[in-house]
Amino acid sequence: MAASGTLSTFRLPPLPTIREIIKLFRLQAVKQLSQNFLLDLRLTDKIVRKAGDLTNAYVYEVGPGPGGITRSILNANVTELLVVEKDSRFIPGLQMLSDAAPGKLRIVHGDVLTYKIERAFPESLKRRWEDDPPNVHIIGNLPFSVSTPLIIKWLENVSCKDGPFVYGRTQMTLTFQKEVAERLTASTGSKQRSRLSVMAQYLCNVQHILTIPGRAFVPKPEVDVGVVHFTPLTRPRIEQPFKLVERVVQNAFQFRRKYCYRGLGMLFPEVQRVESTEKLLQLADVDPTLRPSQLSVSHFKSLCDVYRKMCDEDPHLFTYNFREELKQNKSKNQERENDKERSRR
Ligand code: SAM
């Protein structure tokens with residue numbers, strides 16, 4: 001929020017409303033691109049306030065569109081706002097905002113999935129990982145089809161301390177389909193507990209800070225929207241490579257309704273499945289009859305640590321793919337059937 005009363009306080013001058021900007025530049029939402037806009041500046045102010053104190057911050061906004069959230073960020077007394085927008089139709093409207101906030105808004109016509117933010121802000125902003133988060137924030141209301149893969153990518157960046165996290169523990173405030181926001185923040189044992197819950201919570205402090213009803217967007221999406229705030233942890237709750245954690249978690253949730261040993265078994269080739277799954281669960285001290293949703297992050301930590309040791313002993317294990325094995329078995333069976341058929345003729 002803007003620090004009122006200080007000499008450096010910045011407010012945008014009077015501008016056409018977002019609705020007028022949309023009309024002026026003919027920015028009708030493109031359904032295929034899942035564009036849903038926020039026109040109510042009280043609401044965008046609220047989202048931006050929830051991101052924390054942005055005074056003198058460097059902010060990276062993903063998918064600014066017609067610029068509602070962008071205006072609220074500019075009014076929060078930031079030092080610099082860098083926006084990355086894929087749809088070129090929005091650039092002239094954003095340019096108008098940039099003219100109204102000289103030297104504060106940098107516009108990039110590009111794709112957030114490939115844009116390299118690690119080179120965009122001054123080196124001097126960098127903080128050590130153990131220190132307080134740097135004054136760098138990511139804020140965005142992206143289409144749901146982009147925000148979910150993007151958060152997985154950024155979580156991997158958190159674990160490697162690269163990408164947006166070269167500055168330190170950069171905080172993120174992002175919108176998701178409400179159901180996804182609930183999954184990201186779901187606690188052990190809850191109905192929404194999923195792969196995303198574990199992947200996000202082993203690396204970050206994750207908070208569902210706001211729910212926005214679908215009717216607040218134009219056009220209205222079919223679902224409500226959840227705003228989620230992420231602060232990377234100084235020490236991840238699982239200290240293993242991201243890909244290894246992802247593999248264990250993904251397999252565990254393979255069969256959500258079954259006991260966890262069923263999905264975890266898929267980490268191992270069929271010939272050794274029973275024996276190795278038993279070994280994994282026993283050494284990790286995890287009850288095989290827990291459901292995947294009942295596994296806590298600390299259960300996953302033990303599972304990942306033991307699985308890591310098993311992979312170190314047998315490096316082929318890490319590249320094993322049960323789907324590949326199933327496919328090969330199927331084609332072998334088919335060949336056998338064909339041979340039998342031929343010999344009968
Ligand atoms: N932030 C605006 C708001 O809240 O009104 C627009 C939100 S709209 C849901 C998503 C925006 O993200 C659109 O402007 C869209 O063009 C943009 N967008 C979609 N995919 C993108 C990508 N890969 N990179 C950058 N921008 C993207």
Side-chain angles (χ1 to χ4, degrees), residues 12 15-51 54 59-76 78 81-98 105-117 120 137-154 157 163-164 172-178 180-181 209-228:
L12 282 166
L15 287 164
T17 63
I18 298 288
R19 203 177 283 280
E20 285 162 349
I21 294 268
I22 290 174
K23 260 201 190 144
L24 186 65
F25 295 105
R26 298 167 190 266
L27 303 177
Q28 274 69 28
V30 178
K31 206 166 176 207
Q32 294 92 310
L33 296 181
S34 314
Q35 290 175 338
N36 309 97
F37 306 136
L38 284 168
L39 310 188
D40 180 351
L41 291 185
R42 279 167 310 180
L43 190 54
T44 55
D45 280 350
K46 192 167 175 184
I47 296 173
V48 169
R49 273 200 303 275
K50 294 274 182 190
L54 300 185
V59 181
Y60 175 33
E61 189 196 351
V62 290
I69 297 178
T70 319
R71 291 184 187 207
S72 297
I73 299 172
L74 287 170
N75 278 330
V78 298
L81 169 58
L82 169 74
V83 297
V84 175
E85 172 56 60
K86 193 174 179 182
D87 185 340
S88 60
R89 295 177 308 144
F90 294 111
I91 306 299
L94 293 167
Q95 193 53 52
M96 184 186 269
L97 280 183
S98 173
L105 178 59
R106 239 199 303 167
I107 304 163
V108 174
H109 176 212
D111 189 325
V112 295
L113 292 166
T114 50
Y115 183 71
K116 298 228 173 304
I117 185 68
H137 294 254
I138 299 177
I139 301 179
N141 171 29
L142 280 167
F144 305 136
S145 56
V146 180
S147 53
T148 307
L150 191 62
I151 193 61
I152 290 289
K153 176 175 141 79
W154 279 341
N157 289 143
M172 304 182 272
T173 308
L174 302 167
T175 59
F176 297 89
Q177 197 172 327
K178 184 169 164 244
V180 176
I209 48 175
L210 189 67
T211 298
I212 310 176
R215 70 184 129 78
F217 294 83
V218 179
K220 176 180 171 300
E222 271 158 30
V223 289
D224 291 343
V225 170
V227 185
V228 181

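Whatever order the structure lists ligands and atoms in, that order sets their numbers, starting from 1.
- The shortest heavy-atom distance from V62 to ligand 1 is not under 4.0 Å.
- Side-chain contact, Q177 with D224: no donor N or O sits under 3.5 Å from an acceptor N or O.
- At a 4.0 Å heavy-atom cut-off, ligand 1 touches F90 through the side chain alone.
- Between F90 and F37, the ring-plane angle classifies as perpendicular under the 30° and 60° cut-offs.
- Interatomic distance, CD of Q28 versus CZ of R89, reported as 7.5 Å (0.5 Å rounding).
- Atoms of ligand 1 lying under 4.0 Å from any heavy atom of F37, numbered from 1 in the order shown and given with element: 5 (O), 6 (C).
- Residues D45 and S72 bring a donor and an acceptor atom of their side chains to less than 3.5 Å of each other.
- Of all the heavy atoms of N141, the ones lying under 4.0 Å from any atom of ligand 1 are found in both the backbone and the side chain.
- With sequence neighbours left out, L12 forms a side-chain contact (heavy atoms from CB on, under 4.5 Å) with F10, L15, R71, L74, N75, L97, A100, A101.
- At under 3.5 Å, not a single nitrogen or oxygen of I69, backbone or side chain, sits near a nitrogen or oxygen of ligand 1.
- The residue from V83, D111, L39 that puts a heavy atom closest to atom 23 (N) of ligand 1 is D111.
- Among the candidates I151, I139, L150, V62, the single residue satisfying the side-chain contact (heavy atoms from CB on, under 4.5 Å) test with M172 is I151.
- Within the model, atoms CZ of R106 and OG of S98 stand 11.0 Å from one another, a figure rounded to the nearest 0.5 Å.
- Under the rule for a side-chain contact (heavy atoms from CB on, under 4.5 Å), the partners of R42 that lie at least two apart in sequence or sit in another chain are D40.
- In this structure, P143 has a heavy atom closer than 4.0 Å to ligand 1.
- At under 3.5 Å, not a single nitrogen or oxygen of V146, backbone or side chain, sits near a nitrogen or oxygen of ligand 1.
- Using a non-hydrogen distance threshold of 4.0 Å, G110 registers as a contact of ligand 1.
- The contact set between ligand 1 and D87, taken as ligand atoms under 4.0 Å from a residue heavy atom, comprises 16 (O).
- Interface of N36 with ligand 1, defined as ligand atoms under 4.0 Å from a residue heavy atom, comprises 7 (C), 8 (S), 9 (C).
- Residue contact check: V84 has heavy atoms under 4.0 Å from atoms 25 (C), 26 (N) of ligand 1.
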